[in-house]
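Let me begin by handing over the structure; questions about it come next.
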Amino acid sequence: MKNSLWILLFLVFWMACSPKTNTSQSNKDTLPEELQTLVEEMAKENILSNQFMGKTQTESVQFTRFRRMQELASEAELLQIAEYPHPVVRCYAFWALAKIQYKSLDELAKAHAKDTEVIQSVAGCSFEEITVIDFMLFLSDNRDFDPDTKQLSEKAKNEIMKMKE
(Lines give C-alpha, C1' and ligand atoms only; values in the text may rest on other atoms or scores of the structure.)
Protein backbone atom coordinates (compact mmCIF):
# COMPACT_ATOMS: atom_id res chain seq x y z
CA MET A 1 0.00 0.00 0.00
CA LYS A 2 2.79 2.38 0.97
CA ASN A 3 4.68 1.60 -2.27
CA SER A 4 1.57 2.28 -4.34
CA LEU A 5 1.20 5.69 -2.73
CA TRP A 6 4.84 6.56 -3.55
CA ILE A 7 4.39 5.40 -7.13
CA LEU A 8 1.22 7.46 -7.46
CA LEU A 9 2.93 10.56 -6.06
CA PHE A 10 5.90 10.06 -8.36
CA LEU A 11 3.61 9.81 -11.40
CA VAL A 12 1.68 12.93 -10.43
CA PHE A 13 4.87 14.98 -9.98
CA TRP A 14 6.42 13.54 -13.12
CA MET A 15 3.39 14.47 -15.25
CA ALA A 16 3.14 17.92 -13.67
CA CYS A 17 6.79 18.67 -14.39
CA SER A 18 7.04 17.16 -17.87
CA PRO A 19 7.47 19.67 -20.73
CA LYS A 20 4.30 20.90 -22.38
CA THR A 21 3.88 21.09 -26.15
CA ASN A 22 3.59 24.70 -27.27
CA THR A 23 1.67 26.00 -30.28
CA SER A 24 4.74 26.57 -32.44
CA GLN A 25 5.87 23.00 -31.83
CA SER A 26 2.48 21.60 -32.80
CA ASN A 27 2.53 23.81 -35.94
CA LYS A 28 6.03 22.52 -36.70
CA ASP A 29 4.77 18.95 -36.48
CA THR A 30 1.86 19.45 -38.85
CA LEU A 31 2.90 22.02 -41.48
CA PRO A 32 4.94 20.83 -44.45
CA GLU A 33 8.64 21.56 -43.99
CA GLU A 34 8.97 24.27 -46.66
CA LEU A 35 5.89 26.07 -45.38
CA GLN A 36 7.07 25.83 -41.78
CA THR A 37 10.45 27.29 -42.79
CA LEU A 38 8.73 30.21 -44.54
CA VAL A 39 6.56 30.90 -41.50
CA GLU A 40 9.59 30.85 -39.19
CA GLU A 41 11.50 33.22 -41.49
CA MET A 42 8.52 35.60 -41.58
CA ALA A 43 8.36 35.56 -37.79
CA LYS A 44 12.10 36.13 -37.50
CA GLU A 45 12.03 39.18 -39.79
CA ASN A 46 9.14 40.49 -37.67
CA ILE A 47 7.89 43.09 -40.17
CA LEU A 48 4.73 43.08 -42.23
CA SER A 49 5.55 44.68 -45.54
CA ASN A 50 3.51 45.47 -48.59
CA GLN A 51 4.87 44.49 -51.97
CA PHE A 52 7.30 47.37 -52.29
CA MET A 53 9.67 48.72 -49.68
CA GLY A 54 11.84 51.81 -49.82
CA LYS A 55 12.41 54.40 -52.52
CA THR A 56 13.64 51.90 -55.12
CA GLN A 57 10.26 50.15 -55.20
CA THR A 58 11.87 46.72 -55.15
CA GLU A 59 9.85 43.82 -53.81
CA SER A 60 10.75 43.05 -50.23
CA VAL A 61 12.06 39.63 -49.22
CA GLN A 62 9.25 39.40 -46.68
CA PHE A 63 6.60 39.98 -49.36
CA THR A 64 8.27 37.34 -51.54
CA ARG A 65 7.88 34.93 -48.61
CA PHE A 66 4.22 35.92 -48.34
CA ARG A 67 3.69 35.15 -52.04
CA ARG A 68 5.37 31.77 -51.60
CA MET A 69 3.22 31.01 -48.54
CA GLN A 70 0.13 31.73 -50.65
CA GLU A 71 1.34 29.31 -53.32
CA LEU A 72 2.15 26.51 -50.88
CA ALA A 73 -0.54 26.69 -48.21
CA SER A 74 -3.97 25.18 -48.44
CA GLU A 75 -6.94 26.97 -46.89
CA ALA A 76 -6.74 24.63 -43.88
CA GLU A 77 -3.03 25.38 -43.44
CA LEU A 78 -3.65 29.13 -43.68
CA LEU A 79 -6.27 28.79 -40.94
CA GLN A 80 -3.71 26.94 -38.83
CA ILE A 81 -1.11 29.64 -39.51
CA ALA A 82 -3.69 32.31 -38.55
CA GLU A 83 -3.36 30.95 -34.99
CA TYR A 84 0.45 30.97 -35.02
CA PRO A 85 2.10 32.44 -31.89
CA HIS A 86 3.82 35.26 -33.82
CA PRO A 87 1.57 38.25 -34.65
CA VAL A 88 3.16 39.12 -38.03
CA VAL A 89 2.54 35.57 -39.19
CA ARG A 90 -1.11 35.77 -38.10
CA CYS A 91 -1.52 38.96 -40.14
CA TYR A 92 -0.02 37.42 -43.26
CA ALA A 93 -2.25 34.35 -42.89
CA PHE A 94 -5.34 36.56 -42.58
CA TRP A 95 -4.21 38.54 -45.64
CA ALA A 96 -3.75 35.34 -47.64
CA LEU A 97 -7.19 34.12 -46.61
CA ALA A 98 -8.71 37.46 -47.63
CA LYS A 99 -7.00 37.16 -51.02
CA ILE A 100 -8.57 33.74 -51.65
CA GLN A 101 -11.98 35.12 -50.63
CA TYR A 102 -12.23 32.82 -47.60
CA LYS A 103 -15.94 32.45 -46.90
CA SER A 104 -15.71 32.68 -43.11
CA LEU A 105 -13.40 35.70 -43.00
CA ASP A 106 -15.87 37.62 -40.80
CA GLU A 107 -15.81 34.87 -38.18
CA LEU A 108 -12.02 34.66 -38.27
CA ALA A 109 -11.67 38.41 -37.75
CA LYS A 110 -14.19 38.33 -34.89
CA ALA A 111 -12.19 35.53 -33.25
CA HIS A 112 -9.20 37.91 -33.31
CA ALA A 113 -11.13 40.96 -32.04
CA LYS A 114 -9.02 41.08 -28.89
CA ASP A 115 -5.74 40.32 -30.67
CA THR A 116 -3.95 43.51 -29.72
CA GLU A 117 -0.35 42.42 -30.17
CA VAL A 118 1.53 45.18 -31.97
CA ILE A 119 3.42 44.61 -35.22
CA GLN A 120 5.69 46.78 -37.34
CA SER A 121 4.21 47.45 -40.77
CA VAL A 122 5.96 49.03 -43.75
CA ALA A 123 4.56 50.13 -47.09
CA GLY A 124 6.99 51.94 -49.37
CA CYS A 125 8.81 54.35 -47.04
CA SER A 126 6.07 54.46 -44.38
CA PHE A 127 6.59 52.59 -41.13
CA GLU A 128 3.92 52.25 -38.48
CA GLU A 129 2.92 50.18 -35.49
CA ILE A 130 -0.47 48.52 -35.68
CA THR A 131 -2.27 45.81 -33.73
CA VAL A 132 -3.21 42.53 -35.38
CA ILE A 133 -6.95 43.26 -35.29
CA ASP A 134 -6.42 46.80 -36.54
CA PHE A 135 -4.43 45.42 -39.49
CA MET A 136 -7.31 43.06 -40.24
CA LEU A 137 -9.75 45.97 -40.21
CA PHE A 138 -7.36 48.17 -42.25
CA LEU A 139 -6.95 45.46 -44.88
CA SER A 140 -10.72 45.22 -45.16
CA ASP A 141 -11.28 48.97 -45.41
CA ASN A 142 -8.34 50.04 -47.56
CA ARG A 143 -8.82 49.02 -51.19
CA ASP A 144 -5.61 50.86 -52.16
CA PHE A 145 -3.50 48.54 -50.00
CA ASP A 146 -4.68 45.40 -51.78
CA PRO A 147 -7.77 45.62 -54.01
CA ASP A 148 -7.99 41.81 -54.39
CA THR A 149 -8.91 41.06 -50.79
CA LYS A 150 -12.32 40.06 -49.52
CA GLN A 151 -13.91 42.75 -47.41
CA LEU A 152 -15.39 42.18 -43.98
CA SER A 153 -19.10 42.83 -43.71
CA GLU A 154 -20.25 46.01 -42.00
CA LYS A 155 -21.97 43.85 -39.39
CA ALA A 156 -18.70 42.04 -38.58
CA LYS A 157 -16.75 45.32 -38.40
CA ASN A 158 -19.33 46.78 -36.01
CA GLU A 159 -19.25 43.65 -33.82
CA ILE A 160 -15.45 43.75 -33.75
CA MET A 161 -15.45 47.41 -32.73
CA LYS A 162 -17.84 46.59 -29.85
CA MET A 163 -15.68 43.64 -28.76
CA LYS A 164 -12.54 45.81 -28.81
CA GLU A 165 -14.03 48.24 -26.26
Side-chain angles (χ1 to χ4, degrees), residues 18-152 156-157 160 163-164:
S18 64
K20 307 292 187 266
T21 303
N22 65 29
T23 308
S24 62
Q25 184 61 42
S26 62
N27 279 340
K28 188 176 283 191
D29 292 341
T30 57
L31 290 175
E33 186 177 342
E34 185 179 359
L35 185 55
Q36 180 62 39
T37 300
L38 274 174
V39 166
E40 289 172 0
E41 289 171 351
M42 293 166 93
K44 186 176 180 181
E45 182 147 334
N46 197 28
I47 291 177
L48 187 134
S49 72
N50 200 350
Q51 183 174 5
F52 299 112
M53 195 165 135
K55 292 180 182 180
T56 61
Q57 294 295 296
T58 56
E59 186 168 286
S60 71
V61 173
Q62 189 76 322
F63 193 80
T64 302
R65 289 182 190 119
F66 170 59
R67 281 186 195 270
R68 185 69 179 139
M69 181 183 77
Q70 288 178 273
E71 293 169 6
L72 292 174
S74 66
E75 182 179 282
E77 289 165 335
L78 288 171
L79 287 168
Q80 181 181 351
I81 296 167
E83 302 304 322
Y84 199 78
H86 198 280
V88 165
V89 173
R90 293 194 300 273
C91 288
Y92 274 121
F94 181 85
W95 189 357
L97 286 161
K99 285 183 84 62
I100 64 168
Q101 308 296 310
Y102 175 58
K103 65 181 182 328
S104 298
L105 197 67
D106 285 357
E107 288 74 25
L108 179 61
K110 287 190 283 188
H112 285 272
K114 296 199 182 282
D115 194 343
T116 57
E117 282 194 71
V118 176
I119 63 164
Q120 296 289 322
S121 175
V122 61
C125 294
S126 300
F127 286 83
E128 70 175 309
E129 289 187 341
I130 188 169
T131 66
V132 172
I133 188 58
D134 287 338
F135 172 77
M136 292 175 178
L137 291 168
F138 168 80
L139 184 64
S140 179
D141 282 340
N142 193 330
R143 301 301 291 164
D144 292 335
F145 187 79
D146 188 340
D148 299 327
T149 57
K150 180 178 181 173
Q151 303 300 289
L152 296 173
K157 287 189 262 186
I160 290 167
M163 287 187 253
K164 281 178 59 176

Smallest separation among heavy atoms of P87 and I119, with atom names: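 Minimum heavy-atom contact is CB-CG2, 3.5 Å.
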Using the salt bridge (charged side-chain N to carboxylate O under 4.0 Å, His left out) criterion, which residues pair with K99? Sequence neighbours excluded.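 Listed in chain order: D146.
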Distance, nearest 0.5 Å, that separates CG of L78 from CG of L35: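 The CG atom of L35 is 7.5 Å from CG of L78, to the nearest 0.5 Å.
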How many angstroms lie between atom CD of E71 and atom CG of L38, to the nearest 0.5 angstrom?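 The distance works out to 9.5 Å.
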At their closest point, which heavy atom of A109 faces which heavy atom of M136, and how far apart are they?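 Where A109 meets M136 most closely, the heavy atoms are CA-SD, 4.3 Å.
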Check the pair K157 / D141 against side chain to side chain contact (heavy atoms under 4.5 Å, CB included), numbers first and verdict last. CA-CA 10 Å; K157 287 189 262 186; D141 282 340; 2.6 Å; yes
Between CG on residue D148 and CD on residue Q101, distance to nearest 0.5 Å: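 If we round to the nearest 0.5 Å, D148:CG and Q101:CD are 8.0 Å apart.
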Pairing residues for Q120 by the side chain to side chain contact (heavy atoms under 4.5 Å, CB included) criterion, not counting sequence neighbours: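 Result, side chain to side chain contact (heavy atoms under 4.5 Å, CB included) vs Q120: I47, E129.
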Where is the tightest heavy-atom contact between L152 and L105, given as atom of each residue plus distance?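 Shortest heavy-atom separation between L152 and L105 comes out as CD2-O, 3.7 Å.
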Between R65 and Q62, does any side-chain donor sit less than 3.5 Å from a side-chain acceptor?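 The answer is yes; a qualifying pair exists.
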Do the charged groups of K44 and E41 touch, with an N to O distance under 4.0 Å?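 Looking at E41 together with K44, the answer is no, because their closest N to O distance does not fall below 4.0 Å.
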Nearest-0.5 Å distance that lies between atom CD in Q80 and atom OG1 in T30: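 Nearest 0.5 Å value for the CD-OG1 distance: 3.5 Å.
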For a 4.5 angstrom cut-off between non-hydrogen side-chain atoms, does E128 reach F135?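 Result no, sub-4.5 Å side-chain heavy-atom pair not found.
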Side chain to side chain contact (heavy atoms under 4.5 Å, CB included) between E45 and V88: does it pass, once the steps are laid out? CA-CA 9 Å; E45 182 147 334; V88 165; over 6 Å; no
Check side chain to side chain contact (heavy atoms under 4.5 Å, CB included) between D144 and all other residues, then give those that pass, not counting sequence neighbours.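 Side chain to side chain contact (heavy atoms under 4.5 Å, CB included) list for D144, sorted by chain: N142.
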Rounded to the nearest 0.5 Å, how far apart are CD of Q51 and OG1 of T58?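 It is 10.5 Å, given to the nearest 0.5 Å.
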Would you name the heavy atoms of D106 and A156 that are closest together and state the gap between them?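 In terms of heavy atoms, the two residues are closest at CG-CB, 3.5 Å.
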Expected output: side-chain R90 to main-chain P85 donor-acceptor under 3.5 Å: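 Yes, because the side chain of R90 sits within donor-acceptor range (under 3.5 Å) of the backbone of P85.
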4.5 Å side-chain heavy-atom contact, E75 and L97: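 Touching, per the 4.5 Å side-chain cut-off.
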What pairs with S104 under side chain to side chain contact (heavy atoms under 4.5 Å, CB included), at least two apart in sequence or on another chain?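 Testing S104 for side chain to side chain contact (heavy atoms under 4.5 Å, CB included), a comparison that skips the adjacent residues, returns Y102, E107.
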Taking all heavy atoms of L108 and all of E83, pick out the closest pair and write down the distance.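 Here L108 and E83 meet closest at CD1-OE2, 4.0 Å.
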Under the side chain to side chain contact (heavy atoms under 4.5 Å, CB included) rule, collect the residues that match up with E33, sequence neighbours excluded.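 Checked E33 against side chain to side chain contact (heavy atoms under 4.5 Å, CB included); matches are T37.
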Minimum heavy-atom distance between A96 and M69, given as atom pair plus value: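 Result for this residue pair: CB-CE, 4.1 Å.
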When rounded to the nearest 0.5 angstrom, what distance separates CD in Q36 from CD in E77?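 It comes to 10.5 Å.
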I want to check something: taking the side chain as every heavy atom from C-beta on, are H86 and N46 in contact at a cut-off of under 4.5 Å?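 In contact.
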Is there any ring-ring contact (aromatic ring centres under 6.0 Å, His included) pair reaching into residues 63-82, and which pairs are they, with sequence neighbours excluded?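 Checked against ring-ring contact (aromatic ring centres under 6.0 Å, His included) - neighbours excluded - the pairs reaching residues 63-82 are F63-F66, F63-W95, F66-Y92, F66-W95.
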